[in-house]
Amino acid sequence: MDAFHDGITGRTFTRALGEELRRTRERAGWSQSDLVARMPSHLHVKTLATYEQGIRQCTVVRLLEICWATGACAPDVLARAMLHTDIDLQTTDLYVELYALVLDTRTELRPLRRWARNRLAHNPVSTTARLDGSALQEIAAALGVELSTLIRQLEEFAPVLGRKPDQ
Amino acid sequence: MKTGQKEPDRSTDIDRLIVRAIGEELRRARTTVGWSRPGLVNRMNSDLPVNTYACYEQGVRRCSIPRLVEICCILGVAAPELLGLALQRAGLGLDAAGGVRVDLNKVLADNQVRLRPLRRWARNRLQAEPEQDMIRLDRDLIKELAIFLKLTPQDLLGALLAYTPDAAPQGAG
């Protein structure tokens with residue numbers, strides 16, 4: 001089943017996009033009429049409904065209007081819709097207990113401690129940091145270490161419930 | 001065929017800006033691949049008139065999302081990337097664009113002394129994934145990275161914007 005090529009102009013994709021638009025709106029906690037009231041173009045509620053149901057195709061301008069009104073990121077909304085039509089992305093989130101990292105004394109972890117201290121200074125309440133795959137990649141590159149090394153180092157500081165130890 | 005019904009012309013400035021930004025990005029992606037407009041349209045499954053496509057590129061006609069995805073697919077670029085790059089180039093906001101897209105080759109070509117750590121990051125990044133020379137950094141990521149590069153987030157953002165890719169990268173989608 002080639003859902004992707006079949007679905008682009010057809011129903012699958014339009015429905016996936018509609019579904020994402022609905023989720024975006026609900027995340028903002030708004031009804032359909034709340035949302036159209038906040039859009040500068042005064043879109044008709046029924047038109048919004050047909051977008052969300054995947055009956056009518058929406059334009060780039062409309063997508064952006066909806067995203068701006070709800071504070072969502074349009075490229076991400078589009079990517080999720082495409083994702084649900086077919087492709088999958090990697091998600092490798094890592095959780096780090098910041099206090100545990102700050103208290104470590106190994107020299108090679110000094111830059112990471114600096115980062116953890118910084119995080120805590122900015123937001124002392126959130127003591128666990130979540131780093132996704134791209135954050136890890138950037139940090140590894142900034143430090144000049146292998147990604148796998150960085151992950152191994154940080155995994156030591158995973159909270160008990162964060163990442164299941166699989167060895 | 002009812003791909004996005006025609007609307008009375010109430011398009012605001014921002015609308016026009018968006019439509020033009022998308023058109024500009026499509027043109028950049030197409031010329032990067034080296035196709036003419038008919039060359040592109042002929043490769044598509046659906047029968048999109050060349051004139052309609054030309055109107056998209058010239059930014060005088062609104063494109064539907066499924067249409068945009070279809071065109072991007074033929075061009076071999078990821079539609080979300082093209083959309084984000086259009087927003088970035090048009091200066092329509094860091095969060096709306098989902099971050100800043102950076103051409104690592106442009107980073108390496110810069111020789112400002114104060115940006116040396118940034119170049120080191122770019123070099124390491126390219127070494128880790130040589131085929132991925134265009135990457136995207138969102139606001140949070142820029143904040144984290146700034147700490148490691150010993151720059152302020154504003155400084156880093158300013159520097160990164162100078163490395164905006166010339167066109168959406170090939171090979172995704």
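The sequence lines fix the lettering, A, B, ..., with proteins before strands; numbering per chain opens at 1.
- Residue B/R67 holds its CZ atom at 13.5 Å from OG1 of A/T59, rounded to the nearest 0.5 Å.
- Ranked by heavy-atom pairs under 4.5 Å with chain A, the first of B/Q127, B/R123, B/R120 is B/R120.
- Of the listed residues (B/A122, B/A97, B/A86, B/G99), the one with the most heavy-atom contacts under 4.5 Å to chain A is B/A97.
- Here the closest heavy-atom approach between residue A/W68 and residue B/A96 is recorded as NE1-CB, 3.0 Å.
- If you measure heavy-atom distances from B/L82 to chain A, you find no contacts under 4.5 Å at all.
- The candidate from B/D138, B/L87, B/L118 with the greatest count of non-hydrogen atom pairs under 4.5 Å with chain A is B/L87.
- Within a 6.0 Å radius of CZ in A/R27, other residues, nucleotides and ligands contribute more than 12 heavy atoms.
- Hydrophobic cluster membership is shared by B/L75 and B/M44, with clusters built from Ile, Leu, Val, Met, Phe, Trp and Tyr side chains linked at under 4.5 angstrom.
- A/I151 and B/L141 fall into different hydrophobic clusters, where Ile, Leu, Val, Met, Phe, Trp and Tyr are joined by side-chain heavy atoms under 4.5 Å apart, directly or via other members.
- Cluster annotation: B/V33 is connected to B/L48 through the hydrophobic network of ILVMFWY side chains, with a link wherever side-chain heavy atoms come within less than 4.5 Å.
- Between atom CD1 of residue B/I135 and atom CD of residue A/E138 there is a gap of 4.0 Å, rounded to the nearest 0.5 Å.
- When all heavy atoms are compared, the tightest approach of B/P66 to A/T14 is CG-OG1, 4.0 Å.
- In the hydrophobic clustering of this structure, A/L143 does not group with B/W121; members are Ile, Leu, Val, Met, Phe, Trp, Tyr whose side-chain heavy atoms approach within less than 4.5 Å, directly or through other members.
- When all heavy atoms of A/F13 and B/V69 are compared, the pair lying nearest together is CZ-CG2, 3.6 Å.
- Ranked by non-hydrogen atom pairs under 4.5 Å with chain B, the options A/L63, A/V77, A/V61, A/V145 are led by A/V61.
- For A/E146, the CD atom is loosely surrounded, since the number of other residues' heavy atoms within 6.0 Å does not exceed 12.
- Neither the backbone nor the side chain of B/L126 comes within less than 4.5 Å of any heavy atom of chain A.
- The part of B/L68 that comes within reach of chain A is its side chain, from C-beta onward, which places non-hydrogen atoms under 4.5 angstrom from that chain.
- Interface check for chain A: of the options B/N124, B/D95, B/D140, the most heavy-atom pairs under 4.5 Å are formed by B/N124.
- Here B/I22 contributes atom CD1 and A/L64 contributes atom CG; the two are 6.5 Å apart, rounded to the nearest 0.5 Å.
- Minimum heavy-atom separation, A/A142 to B/L145: CB-CD1, 3.8 Å.
- Residues B/Q88 and A/P75 form no side-chain contact, since every pair of their non-hydrogen atoms from C-beta on lies 4.5 Å or further apart.
- For the atom pair CG (B/D15) and OG (A/S41), the distance works out to 7.0 Å, reported to the nearest 0.5 Å.
- If you measure heavy-atom distances from A/C67 to chain B, you find no contacts under 4.5 Å at all.
- By the rule that hydrophobic residues join a cluster once side-chain heavy atoms approach within less than 4.5 Å of another member, A/L109 and A/L94 end up as members of one cluster.
- The candidate from B/E81, B/E129, B/K143 with the greatest count of non-hydrogen atom pairs under 4.5 Å with chain A is B/E129.
- With rounding to the nearest 0.5 Å, the separation of CD1 in B/I147 from CD1 in A/I139 is 8.5 Å.
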